[in-house]
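Everything quoted here is computed from the prediction, not taken from an experiment. Values reported hereafter were calculated over all heavy atoms of this structure, with side chains retained and with hydrogens, waters and symmetry mates removed.
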Amino acid sequence: MGAVDQATAGGHLKRYAEALARDPMYAFGLVREWMRTDWRSLFAELRERQPIFVTPAFTVVTRHADVIEVLTHEEVFSVRSFGPRLDAALGAPFMLGRDATPMNWREKGLMQVMLDPHDASAVRELVGRRADELLDAAASAGSLETVGGLFRPVALGVCADYFGIPGPDQKTLGRWTRAVVADGFANFHADPEIQAASVSAGTEFVAYLRGRLAEVRTALQAGRELPDDVFTRLARASQSGGLPVTDDRVVVNMAGLPLGFVESAPGAMVEAVEQLLLRPEVFAEAVAAAGDQERFDAYVWEALRFSPFFKLIPRVCERDHVLAAGTPRSTVIPAGTFVLAAPASAMFDGEVVPDPEEFRLDRPRHHRLFFGAGHHSCLGVHVAAVVICETVRRLLLRGVRLLPESESMVERSLGIFPDRFVLGLGAGQDA
Ligand code: HEM
């Protein structure tokens, strides 16, 4: 079934118009619910009929070019809808909470140097080892709850061994990242409970990182040998005025690494594995390709296109802007509009992505929007890419399957963050 057929079958716009005439709040709730549960067919219909979908509460941007336009105009489309909450949790500004400031420019550059893309292969090895240990431990059980038993521990292991942030323990570090990120990305209504949990988790996290920085500095001054992790690199580079970065900025930028990673990497792993398992023929091919990393990775990215972890990226329009100017869909976005740019829709835009409904391995990299685009594009992209692919690869090499009935249904907090995904395990190949 193609995008157009889906759109015709969907009838979302008709139902929305009817609901709007009766009760705008109900109509708004309806769209929010569709975006959560029925997004693929909603977006197909919007791309076809109303690609810039204006509602009284928000505007959804569905075409590839327009999503890129929103994400690359940071002086027009700002992160104000979640930025101040992120700043509040960390007690100081952070790059993802601000737009186009000298701090964005300086600190993103600094952290790009610290997260050297050359580290990717060592991180891949580290992840492979950790995943294998966890899979060995689970092998005799015949099934595995993959979020708590594999995906999150792998991500938290990278925080410990590569970032140099083990946390007091994995559970506490995971609790902090969940609380802060849930407020940043899922708290559209500024729920005060979610906000309070975020500020309290952020405060604990920052205090922990201050202590950790003091430990690392003491060890450096004593000439003790330290691992070559990101924390040590940044502490070393910034000590005794070597780089013009204060300790406060070291701490905030280090906080950003687990925050950017621990929720989104397991999220992407769940989506990719589920999408592969839902396509038995593709899944069999992916397993057959799992001996060859590069060939295998293409399966992960294409699977993720069918359900990216970040389906919507929120922005606030800061001044009146003509979006998609010069095209038939050209629309004035008034200042103050809450805008949802939809990478999940953009990656199905047939004008850019040929045969979007087909599972194809030859998609060019610039069609992918898993890691955002423009000013706030993902700092951790190189590391994140290998962590996601290698974890999924090791899992598939063990032989994995969906369990009957609803046992393998993914459970998600706030409809976004995966908490549980049980799979049958066994009868795979060796790595
Ligand atoms: C090593 C792992 C990761 C780190 C350290 C990291 C860190 C960050 C940081 C600091 C930003 C903000 C950059 C800025 O404001 O200029 C960011 C943005 C982003 N990251 Fe990551 N991230 C990681 C993994 C991931 C993963 C696994 C995904 C999803 C599959 C992801 C998706 C995104 C997206 C979509 C944005 C853009 C957000 C926006 O524009 O509002 N990241 N990342």
Colleague: Step by step, would you call Glu69 with His321 a side chain to side chain contact (heavy atoms under 4.5 Å, CB included)?
Modeller: CA-CA 11 Å; Glu69 182 173 343; His321 179 82; 2.8 Å; yes
Colleague: Should Arg210 and Asp247 count as an ion pair when the cut-off is N to O under 4.0 Å?
Modeller: no
Colleague: Considering all heavy atoms of both residues, which atom of Leu115 and which atom of Gly380 are nearest to each other, and what is their separation?
Modeller: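 Answer, listing the atom of Leu115 first, then Gly380: CD1-CA, 4.5 Å.
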Colleague: Could you go through the ring pair (Phe, Tyr, Trp, His ring centres under 6.0 Å) check for Phe151 and Phe421 one step at a time?
Modeller: CA-CA 10 Å; Phe151 301 154; Phe421 184 31; 7.3 Å; no
Colleague: Distance check, rounded to the nearest 0.5 Å: Glu107 atom CD versus Arg249 atom CZ?
Modeller: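 It comes to 4.0 Å.
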Colleague: In plain terms, say whether Glu271 and Arg412 are close enough for a salt bridge, that is, a side-chain N and a carboxylate O under 4.0 Å apart.
Modeller: yes
Colleague: Using the six-membered ring wherever Trp is involved, compare the ring planes of Phe163 and Phe261 and label them parallel, tilted or perpendicular (cut-offs 30° and 60°).
Modeller: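 Perpendicular: the ring planes of Phe163 and Phe261 meet at over 60°.
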Colleague: List the atom of Val70, the atom of Ala341, and the distance in Å for their closest heavy-atom pair.
Modeller: CG1-CB, 4.2 Å
Colleague: Are Pro56 and Leu20 close enough that some pair of their side-chain heavy atoms sits under 4.5 Å apart?
Modeller: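 In contact.
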Colleague: Are Phe188 and Phe82 close enough that some pair of their side-chain heavy atoms sits under 4.5 Å apart?
Modeller: no
Colleague: Rounded to the nearest 0.5 Å, how far does OG of Ser345 lie from NE2 of His64?
Modeller: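 It is 10.0 Å, given to the nearest 0.5 Å.
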Colleague: Verify the distance criterion only: is there a donor paired with an acceptor across the side chains of His376 and Asn104 at less than 3.5 Å?
Modeller: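 Distance-only check fails for His376 and Asn104.
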Colleague: Indicate yes or no for a side-chain donor-acceptor contact from Arg85 to the backbone of Ser81 under 3.5 Å, with no hydrogens or angles considered.
Modeller: yes
Colleague: Kindly indicate, with the supporting measurements, whether the criterion side chain to side chain contact (heavy atoms under 4.5 Å, CB included) is fulfilled by Arg32 and Phe58.
Modeller: CA-CA 10 Å; Arg32 276 189 43 224; Phe58 50 73; 3.9 Å; yes
Colleague: Apply the test side chain to side chain contact (heavy atoms under 4.5 Å, CB included) to residues Leu361 and Trp301: give CA-CA distance (whole Å), side-chain angles for both, the deciding distance (0.1 Å), then the verdict.
Modeller: CA-CA 8 Å; Leu361 300 172; Trp301 300 122; over 6 Å; no
Colleague: For Leu340, which of Lys311, Arg315, Met35 qualifies under side chain to side chain contact (heavy atoms under 4.5 Å, CB included)?
Modeller: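 With Leu340 as partner, Lys311, Arg315, Met35 yield a single side chain to side chain contact (heavy atoms under 4.5 Å, CB included), made by Met35.
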Colleague: What's the spacing between Leu395 CG and Leu425 CG if we round to 0.5 Å?
Modeller: 7.0 Å
Colleague: Can a salt bridge be assigned to the pair Arg398 and Asp136 using a cut-off of 4.0 Å between side-chain N and carboxylate O?
Modeller: yes
Colleague: Side chains of Val147 and Asp419: does their closest heavy-atom pair fall under 4.5 Å?
Modeller: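 No, too far: nothing below the 4.5 Å cut-off.
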Colleague: Test Leu259 against Leu90 for side chain to side chain contact (heavy atoms under 4.5 Å, CB included), laying out the working first.
Modeller: CA-CA 11 Å; Leu259 293 177; Leu90 296 175; 3.9 Å; yes
Colleague: Distance from Thr59 atom OG1 to Asp66 atom CG, nearest 0.5 Å?
Modeller: 12.0 Å
Colleague: Taking C-beta and beyond as the side chain, do Met347 and Phe370 meet within less than 4.5 Å on heavy atoms?
Modeller: yes
Colleague: Taking the side chain as every heavy atom from C-beta outward, state whether His375 and Ser78 have any atom pair closer than 4.5 Å.
Modeller: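 SC-SC contact between His375 and Ser78 ruled out.
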Colleague: Could you pull out the closest heavy-atom pair between Pro258 and Phe205, with the gap in Å?
Modeller: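 Reported closest heavy-atom pair: CG-CZ, 3.9 Å.
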Colleague: How long is the span from the NE2 atom in His382 to the OG atom in Ser121, to the nearest 0.5 Å?
Modeller: 13.0 Å
Colleague: Does a side-chain N-to-carboxylate-O contact under 4.0 Å join Glu390 and Arg394?
Modeller: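 Answer for the salt bridge query: yes.
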Colleague: Could you give me the CA-CA distance, side-chain angles and deciding distance for Asp119 and Arg233, then say whether salt bridge (Lys or Arg N to Asp or Glu O under 4.0 Å) is met?
Modeller: CA-CA 13 Å; Asp119 297 337; Arg233 281 180 201 168; 2.9 Å; yes
Colleague: Answer yes or no: are there more than 12 heavy-atom neighbours, outside His118 itself, under 6.0 Å from its atom NE2?
Modeller: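 Incorrect, the count does not exceed 12.
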Colleague: Test the Arg212-Phe231 pair against the cation-pi criterion, namely NZ or CZ under 6.0 angstrom from the six-membered ring centroid and within 45° of the ring axis.
Modeller: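 Judged by the rule, Arg212 and Phe231 form a cation-pi pair.
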Colleague: Should Val60 and Phe43 count as side-chain neighbours, where that means a heavy-atom distance under 4.5 Å?
Modeller: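 Result yes, sub-4.5 Å side-chain heavy-atom pair found.
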Colleague: For the pair Asp228 and Arg236, find out whether any cationic side-chain nitrogen is under 4.0 Å from an anionic carboxylate oxygen.
Modeller: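 Salt bridge between Asp228 and Arg236, a charged N being under 4.0 Å from a carboxylate O: no.
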Colleague: Regarding Gln221 and Arg217, is there a side-chain donor-to-acceptor distance under 3.5 Å anywhere?
Modeller: no
Colleague: Do the charged groups of Arg129 and Asp161 touch, with an N to O distance under 4.0 Å?
Modeller: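 Looking at Asp161 together with Arg129, the answer is no, because their closest N to O distance does not fall below 4.0 Å.
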Colleague: So if I apply the side chain to side chain contact (heavy atoms under 4.5 Å, CB included) rule between Ser198 and each of Asn187, Asp183, Thr203, which one comes out positive?
Modeller: Asp183
Colleague: Compare all side-chain heavy atoms of Leu414 with those of Phe185 and state whether any distance is below 4.5 angstrom.
Modeller: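 The answer is no, as the side chains (C-beta and beyond) never meet within the 4.5 Å cut-off.
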Colleague: Out of curiosity, Ile388 CD1 to Asp297 CG, how far, rounded to the nearest 0.5 Å?
Modeller: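 Going from the CD1 atom of Ile388 to the CG atom of Asp297 covers 10.0 Å.
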Colleague: Test your reading of the model: is there a side-chain donor-acceptor pair from Glu45 to the backbone of His12, 3.5 Å cut-off?
Modeller: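 Yes, because the side chain of Glu45 sits within donor-acceptor range (under 3.5 Å) of the backbone of His12.
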Colleague: Search all heavy atoms of Pro153 against all heavy atoms of Leu134 and return the closest pair with its distance.
Modeller: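 Where Pro153 meets Leu134 most closely, the heavy atoms are CB-CD1, 3.8 Å.
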Colleague: Mind checking whether Tyr16 and Trp34 have ring centres under 6.0 Å apart?
Modeller: no
Colleague: Looking only at non-hydrogen atoms, find the nearest pair between Val273 and Leu423 and report the distance.
Modeller: CG1-CD1, 3.8 Å
Colleague: Does any non-hydrogen side-chain atom of Glu318 lie less than 4.5 Å from one of Val76?
Modeller: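 A side-chain contact is absent here, since even the closest heavy-atom pair is not under 4.5 Å.
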Colleague: May I ask you to decide if Leu304's main-chain N or O and Ser307's side chain share a donor-acceptor pair within less than 3.5 Å?
Modeller: no
Colleague: I'd like to know if the side chain of Thr337 reaches the main chain of Val339, judged simply by a donor and an acceptor atom lying under 3.5 Å from each other, with no hydrogens or angles considered.
Modeller: no
Colleague: Look at the side chain of Arg130 and the backbone N and O of Val158, then say whether any donor-acceptor pair between them is shorter than 3.5 Å.
Modeller: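 Side chain of Arg130 to backbone of Val158: no pair is present.
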Colleague: May I ask you to check whether Phe348 and Phe306 place their ring centers less than 6.0 Å from one another?
Modeller: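 Yes, they do, as the ring centres are separated by less than 6.0 Å.
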Colleague: Can you name the closest pair of heavy atoms from Leu379 and Met95 and give their distance?
Modeller: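 In this case the closest contact between Leu379 and Met95 is CD2-CE, 4.2 Å.
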